[in-house]
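Beneath this line is the structure, given in structure tokens, with notes to follow.
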Amino acid sequence: MEQENEIRLEQIGVVTLFEIKGDVTAASEPFLKEGYKNATDRGTEKILLKFEEKAYINSGGIALLIQLLAETKKNNQQIGITGLSDHFKKIFTMVGITKFARIYDTRDEALEGMSEES
Amino acid sequence: MTGRLDERTVEISLPNKIGYERIAMESSASFARIVGFASERIEDLKTAVAEACLNAMEHGNRGRPDARVILTMDFKDDTLTVFVKDEGDGISRLPDHTAIGQKIENLKAPEGLGTYLIKQLMDHVEFNEMTKEGHAVKMVMKLK
């Protein structure tokens with residue numbers, strides 16, 4: 001089953017917003033990597049990952065996000081997450097992603113919070 | 001393992017194809033909804049069923065396109081029991097869940113994240129249920 005993601009990058013103040021359309025699985029790797037490379041090439045220090053609330057995220061997708069978190073840590077970038085359903089907020093907390101990335105309830109709350117943090 | 005199908009049992013045969021686990025997710029969600037589970041628990045079930053199917057497709061059936069994954073669900077005594085069966089030999093070494101936590105702590109993508117999620121989300125799990133047709137994972141969720 002072919003899976004296509006669309007990741008749209010938008011610069012909002014100091015934050016680069018990753019608008020992730022579609023499910024997040026192992027098949028998302030090229031899309032996430034390309035988006036991250038583009039953002040890093042333009043020197044971003046703050047990344048907000050916005051998922052679709054109905055998105056299906058499986059262990060393959062979670063493993064990719066952990067790899068992305070490792071990259072952002074290495075490059076001294078701050079990362080935030082928004083758009084998750086309550087279920088995936090629970091899953092992300094369960095697997096420990098929240099130790100490295102803050103989850104915000106809304107896009108606006110995330111942009112405000114991340115813009116204020118140094 | 002369910003011996004025969006009765007009026008409280010649903011069985012679905014899936015092709016061994018990544019992506020088709022979504023059929024198992026939606027089927028298990030429909031079944032759980034019919035028997036009265038709350039939406040939060042249904043989301044837990046969907047994730048556990050998806051991960052069990054992915055393990056069956058990738059590891060149990062080793063990606064073989066001619067293999068099948070069988071999902072069997074029954075509800076008795078306020079208990080939903082789900083079997084996900086593949087044609088493999090079982091899991092020779094179950095992932096160490098403490099090691100998974102440590103890997104994530106060090107931001108290294110862990111192996112066995114699927115089985116970790118299954119164990120966290122279901123009330124009871126048994127891996128390596130061997131039958132004459134192959135291997136099954138048994139997952140139980142109680143209606144509380």
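So that the names make sense, note that chain A is the first sequence line, chain B the second, and so on, each numbered from 1.
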Separation between CG of Leu121(B) and NZ of Lys90(A), rounded to the nearest 0.5 Å: 6.0 Å

Could you state whether Tyr20(B) and Val137(B) fall into the same hydrophobic cluster, counting links through intermediate Ile, Leu, Val, Met, Phe, Trp or Tyr residues with side-chain heavy atoms under 4.5 angstrom apart? yes

Do side-chain atoms of Glu51(B) reach the backbone of Ser59(A) as a donor and acceptor pair under 3.5 angstrom? yes

If you measure from CD on Glu21(B) to OH on Tyr56(A), what distance do you get to the nearest 0.5 Å? 3.5 Å

Do Gln120(B) and Val95(A) come within less than 4.5 Å of each other through their side chains, counting heavy atoms only? no

Is it true that Ile12(A) and Met114(A) fall in one hydrophobic cluster, defined by side-chain heavy atoms closer than 4.5 Å? yes

Return the option, out of Glu71(A), Lys73(A), Gln67(A), Lys99(A), with the maximum number of heavy-atom pairs under 4.5 Å with chain B. Lys99(A)

With a 4.5 angstrom heavy-atom cut-off, could you sort out which part of Leu65(A) is near chain B: side chain, backbone, both or neither? neither

Distance, nearest 0.5 Å, that separates OG1 of Thr47(B) from CD1 of Ile62(A): 8.0 Å

CG on Leu113(B) to CD1 on Ile66(A), rounded to 0.5 Å: 5.5 Å

Between CG of Asn58(A) and CD1 of Ile18(B), what distance do you get to the nearest 0.5 Å? 8.5 Å

Hey, is CD on Glu126(B) packed in by over 12 heavy atoms from elsewhere, all under 6.0 Å? yes

hydrophobic_cluster_shared for Leu111(A) and Val14(A), side chain cutoff 4.5 Å: yes

Could you see if Met94(A) belongs to whatever hydrophobic cluster contains Leu49(A)? Use Ile, Leu, Val, Met, Phe, Trp, Tyr and a side-chain cutoff under 4.5 Å. yes

Hey, is CZ on Arg64(B) packed in by over 12 heavy atoms from elsewhere, all under 6.0 Å? yes

In Å, rounded to the nearest 0.5 Å, how long is the span from CD of Glu43(B) to CG of Asp86(A)? 9.5 Å

Hey, any chance Leu143(B) and Ile42(B) share a hydrophobic cluster, counting ILVMFWY side chains that come within less than 4.5 Å of each other, even indirectly? yes

